[in-house]
Participant: 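The structure is given below, and queries will be raised subsequently.
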Amino acid sequence: MRKNRVYRHVGLMLLLVFLLTPVLSLKDITTARAANDLEITVHYQRADGDYEDWNLWLFEEGGQGEEFRFSEEDEYGKTAVVRKTSEKTRFGFLVRKGNWVEKDIDTDRFFDTAGGKAEIWLKSGVHIG
């Protein structure tokens, strides 16, 4: 009799844990997603004013890259605004012409997002730290 009671209690506890686990896990996933929404703005200025085929190549540190167009324009030059969701907070980038025809500078540049945002101001041919 006593063994049956123990097994019954253990069984009920396991059932309770089994039922509550998905609910607790969803709370953590929702919080993580909200914290990882990023907005990255890159301002790019070329002294010659020629922006044709120039684009932004952005990658998570240690990850694959992705092309983004400079789609907006202001007094400074062209601007690319990137909105993405990522677990990473450190990114690398470079400005390139076409599909690797030319690079603005030869080295990759890196930045960290703070509070889900980053804003970068570039001048063609000038390396930033």
Side-chain angles (χ1 to χ4, degrees):
M1 261 321 202
R2 187 175 173 122
K3 271 188 177 180
N4 287 342
R5 275 177 136 173
V6 171
Y7 288 134
R8 191 176 310 149
H9 288 293
V10 170
L12 288 173
M13 285 178 53
L14 288 174
L15 179 62
L16 185 62
V17 169
F18 179 75
L19 292 173
L20 288 178
T21 298
V23 174
L24 297 174
S25 296
L26 288 176
K27 178 184 170 217
D28 293 337
I29 290 171
T30 304
T31 303
R33 281 192 184 149
N36 294 328
D37 289 339
L38 305 173
E39 182 176 293
I40 302 161
T41 305
V42 178
H43 303 269
Y44 181 53
Q45 183 183 77
R46 294 189 56 81
D48 64 7
D50 179 14
Y51 296 96
E52 184 152 349
D53 292 330
W54 287 95
N55 61 71
L56 175 68
W57 186 258
L58 180 72
F59 55 95
E60 296 175 344
E61 187 174 45
Q64 297 295 317
E66 186 178 358
E67 176 184 310
F68 294 93
R69 297 272 177 208
F70 291 101
S71 57
E72 299 177 27
E73 189 170 352
D74 60 18
E75 309 81 42
Y76 187 79
K78 294 284 187 170
T79 304
V81 178
V82 177
R83 290 178 183 86
K84 65 186 295 140
T85 301
S86 174
E87 293 179 10
K88 303 283 185 172
T89 58
R90 185 159 174 78
F91 292 85
F93 72 96
L94 54 87
V95 177
R96 67 182 190 158
K97 186 167 189 168
N99 191 16
W100 303 106
V101 173
E102 185 180 348
K103 292 194 260 181
D104 184 62
I105 65 169
D106 287 332
T107 58
D108 294 342
R109 302 175 241 199
F110 290 87
F111 65 93
D112 294 304
T113 57
K117 290 191 175 207
E119 189 160 9
I120 301 161
W121 297 81
L122 302 172
K123 284 190 176 190
S124 178
V126 177
H127 181 273
I128 59 171

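From a predicted model like this one, the values you see are computed outputs, not experimental measurements. Every heavy atom of this structure was used, including side-chain atoms; hydrogens, water molecules and symmetry mates were not. Heads up: numbering here begins at 1 and tracks the sequence.
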Participant: Only one of Val82, Thr113, Thr89 clears side-chain contact (heavy atoms from CB on, under 4.5 Å) with Leu38; which?
Facilitator: Thr113
Participant: Do any pairs count as a salt bridge (Lys or Arg N to Asp or Glu O under 4.0 Å) and have a residue in residues 81-90, sequence neighbours left out, and if so which ones?
Facilitator: Glu39-Arg83, Glu61-Arg90, Glu66-Lys84, Arg90-Asp112
Participant: With sequence neighbours excluded, give me every side-chain hydrogen bond (donor to acceptor under 3.5 Å, both in side chains) pair touching residues 50-59.
Facilitator: Asn55-Arg96
Participant: Distance check, rounded to the nearest 0.5 Å: Leu94 atom CG versus Leu58 atom CG?
Facilitator: 9.5 Å
Participant: I would like to know whether Ile40 and Phe111 meet side-chain contact (heavy atoms from CB on, under 4.5 Å); could you show each step before the answer?
Facilitator: CA-CA 10 Å; Ile40 302 161; Phe111 65 93; 3.7 Å; yes
Participant: Using the side-chain hydrogen bond (donor to acceptor under 3.5 Å, both in side chains) criterion, which residues pair with Gln64? Sequence neighbours excluded.
Facilitator: none
Participant: Not counting sequence neighbours, which residues clear ring pair (Phe, Tyr, Trp, His ring centres under 6.0 Å) with Phe70? List them please.
Facilitator: Tyr44
Participant: Could I get the full list of side chain to side chain contact (heavy atoms under 4.5 Å, CB included) partners for Ser71, not counting sequence neighbours?
Facilitator: none
Participant: Can you name the salt bridge (Lys or Arg N to Asp or Glu O under 4.0 Å) partners of Glu75, sequence neighbours left out?
Facilitator: none
Participant: Does atom NZ of Lys103 have more than 12 heavy-atom neighbours from other groups under 6.0 Å away?
Facilitator: yes
Participant: Mind checking what makes salt bridge (Lys or Arg N to Asp or Glu O under 4.0 Å) contact with Arg69, not counting sequence neighbours?
Facilitator: Glu67
Participant: So if you build clusters from Ile, Leu, Val, Met, Phe, Trp, Tyr with side-chain heavy-atom gaps below 4.5 Å, do Val42 and Val81 land together?
Facilitator: no
Participant: Working note: Arg109 + Leu122, criterion side-chain contact (heavy atoms from CB on, under 4.5 Å); need CA distance, chi angles, decisive distance, verdict.
Facilitator: CA-CA 11 Å; Arg109 302 175 241 199; Leu122 302 172; 3.2 Å; yes
Participant: Among all residues two or more places apart in sequence or in another chain, which pass the side-chain hydrogen bond (donor to acceptor under 3.5 Å, both in side chains) test with Asp48?
Facilitator: Arg46
Participant: What closest approach, in Å, do Lys123 and Asp104 show between heavy atoms, and which atom pair accounts for it?
Facilitator: O-OD2, 4.1 Å
Participant: Within a reach of under 6.0 Å around CG of Asp74, are more than 12 heavy atoms found that belong to other residues, nucleotides or ligands?
Facilitator: yes
Participant: To the nearest 0.5 Å, what is the distance between CZ (Phe110) and CZ (Phe91)?
Facilitator: 11.5 Å
Participant: In chain order, what residues pass the side chain to side chain contact (heavy atoms under 4.5 Å, CB included) check against Glu119, with sequence neighbours excluded?
Facilitator: Thr41, His43, Trp121
